[in-house]
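Single-structure report; data block below.
Below, chain A is the first sequence line, B the second, and so on; all start at residue 1. For clarity, every value in this text was computed on a predicted model and none was experimentally measured.
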2 protein chains.
Amino acid sequence: MAVADEGGAEALTMSAVARRLGPYTPMSLYRHVLSKDGLVDLMLDAATAEIALPPVPGPDWRADLRAVVMETWEMAKRHLWYAQLAPTRPPLGPHTMRRTEFQLRVLAGQGATLGQAVAYAAVLDRHALGSAQQVAEEHAMRRRLGLDTPQRLTEAVTAAQGLAEQAGCELLARWMSAPSGPDMDEQFEISLTFLLDGIEARLNP
Amino acid sequence: MAVADEGGAEALTMSAVARRLGPYTPMSLYRHVLSKDGLVDLMLDAATAEIALPPVPGPDWRADLRAVVMETWEMAKRHLWYAQLAPTRPPLGPHTMRRTEFQLRVLAGQGATLGQAVAYAAVLDRHALGSAQQVAEEHAMRRRLGLDTPQRLTEAVTAAQGLAEQAGCELLARWMSAPSGPDMDEQFEISLTFLLDGIEARLNP
DNA sequence: CAGCTAAAGTATATGGCGTATACGCAAGCG
DNA sequence: CGCTTGCGTATACGCCATATACTTTAGCTG
């Protein structure tokens, strides 16, 4: 997890992990893990374990769901690899399942059918993971394209702005020259509210 | 694109593409494309070009936004690799930018600031791409795990259900034994409505 | 038509990846 | 003492993107 925290999902190689653990060869890992996918499964579940859950749904279902999603979001910002790797593996780790179960209990407690509860939980998770993934990919792209220095980044933005103007995208070019608006965290909370509002309206028609 | 349509993003190798084009070697592609990333950029923009846009925002902003998002969703279901590859590249293809510009124009026409418009467009895109990615990963996982026959799939589901019971996840286990609720398309439309409702409320406070 | 050029394709090689297979080595236990 | 069991290693394979250097082909020009 430390390797992936620092270098992103694409730095997570068996070699890098073995090296991090000491003077080991990549193959030594296979004594403890079936495959790289197995390692990833363990990582994903360990990260999910960092999401604090109330022991039991409380009186305020909105607060419960909001808390789970916000905790997930915070965790995914700590571990940017999470959003990149999670969709590549089945969500069957014990902590991962416990988290889903909690969401289902909260929703079922409000009169949702099991099918609705699964659907709403899926929508909320997509929101959390989708947003985190966007943050992660932005970081990864910066690393890939070598935009580590502010100067290189400015160059890239200027180039992009030129492309936008050339394509006749006036508003886009304007925004690129002077980005504004809510940051990612604010966007996240706003649209989480949208989703919870929508769920609430459907729960109490 | 045909290669990726059939085999998913992980089947998209330079060899596979060259072979598909005729009796060519992988290296021949590099006469036409700078790198594999360059090829992916072209693919992403070509796929984005399939999204039909009104020439100009119409009187009904909700219908406009909804149409763009639904068209994106339909396209991403046709090209399951799109949602996997799009987040790995900057969204700077001409068609991609034109599409964003259209969203911004629609929102700016309703009095949104440029910053708000960018944020709302981002939220809608995350929803479309996040949902498509989930579908894509489900397919990819089935391919990877060799769950092509119904029997293998049933086995896997039964195993997962056992895990859920073992972890004390009653609701989850129950749902796995008898999945129900809105399918992906219905989920998509429902939560798209949630998001549009939220945006509307913010536009007309 | 001869000859040059530029485009298109190929051959070969490098370095990185996950991992199958076979081996070495130490600790513990009968 | 010898055997298993657990852990680490060495080597090799196949697949990937791609750098580099070569050959072939088509077309234009003098």
Side-chain angles (χ1 to χ4, degrees), chain A residues 1-47 80-82 84-90 92-93 136-137 139-148, chain B residues 1-46 80-82 84-90 93 136-137 139-148:
Chain A
M1 288 172 72
V3 168
D5 280 345
E6 288 161 25
E10 61 270 333
L12 184 74
T13 68
M14 298 305 262
S15 279
V17 173
R19 208 172 320 122
R20 172 68 62 118
L21 290 170
Y24 296 115
T25 62
M27 287 310 291
S28 67
L29 297 181
Y30 287 89
R31 288 288 163 197
H32 308 272
V33 151
L34 241 157
S35 64
K36 186 180 177 183
D37 279 349
L39 174 62
V40 169
D41 284 339
L42 293 175
M43 290 172 62
L44 289 171
D45 202 58
L80 285 177
W81 45 270
Y82 187 88
Q84 301 179 274
L85 298 180
T88 72
R89 306 287 317 150
L92 297 179
E137 287 296 353
H139 271 248
M141 234 160 54
R142 247 168 246 196
R143 256 196 303 261
R144 260 199 304 279
L145 306 180
L147 306 182
D148 17 29
Chain B
M1 287 171 73
V3 168
D5 281 345
E6 288 162 23
E10 63 270 333
L12 185 73
T13 68
M14 297 305 260
S15 278
V17 173
R19 207 173 319 120
R20 172 68 63 114
L21 291 170
Y24 296 115
T25 63
M27 287 311 290
S28 67
L29 297 182
Y30 288 89
R31 288 289 162 194
H32 309 273
V33 153
L34 240 157
S35 65
K36 187 180 177 183
D37 278 348
L39 175 62
V40 169
D41 283 338
L42 292 175
M43 290 172 63
L44 289 171
D45 202 59
L80 284 178
W81 45 270
Y82 188 88
Q84 302 179 272
L85 298 180
T88 72
R89 306 289 315 153
E137 288 296 351
H139 270 247
M141 233 161 54
R142 247 169 247 195
R143 255 196 304 260
R144 262 199 302 279
L145 306 180
L147 305 182
D148 17 28

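Between chain A and DNA chain C, the heavy-atom contact criterion of under 4.0 Å yields a 5' to 3' nucleotide range of dC17(C) to dC23(C).
Of the possible polar contacts, one joining the R144(B) side chain to the T88(A) backbone as a donor-acceptor pair under 3.5 Å is found. A distance-only check finds no donor-acceptor pair linking the side chain of R19(B) to the backbone of P26(B) [under 3.5 Å].
The distance between atom NE2 of H32(A) and atom P of dC7(D), rounded to the nearest whole Å, is 6 Å.
Contact record, A18(B) with T25(B): CB-O, 3.4 Å, taken as the closest heavy-atom pair. Nearest heavy-atom pair across R143(A) and G8(A) is NH2-CA, 3.4 Å. Looking at every heavy atom in both residues, P90(A) comes nearest to M141(B) through N-SD, 3.5 Å.
Closest to the S35(B) side chain, of the nucleotides dA21(D), dG8(D), dT18(D), is dT18(D).
For the contact set between residues 12-28 of chain A and DNA chain D, defined by any heavy atom under 4.0 Å, the members are P23(A), Y24(A), T25(A), M27(A), S28(A).
Tested against W81(B), the residues L44(B), V3(B), V40(B), L12(B) include a single side-chain contact (heavy atoms from CB on, under 4.5 Å) partner, L44(B).
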E10(B) vs Q84(B), side chain to side chain contact (heavy atoms under 4.5 Å, CB included): CA-CA, chis, key distance, verdict
CA-CA 10 Å; E10(B) 63 270 333; Q84(B) 302 179 272; 4.2 Å; yes
Kindly determine whether M43(B) and Y82(B) satisfy side chain to side chain contact (heavy atoms under 4.5 Å, CB included), including the steps that lead there.
CA-CA 8 Å; M43(B) 290 172 63; Y82(B) 188 88; over 6 Å; no
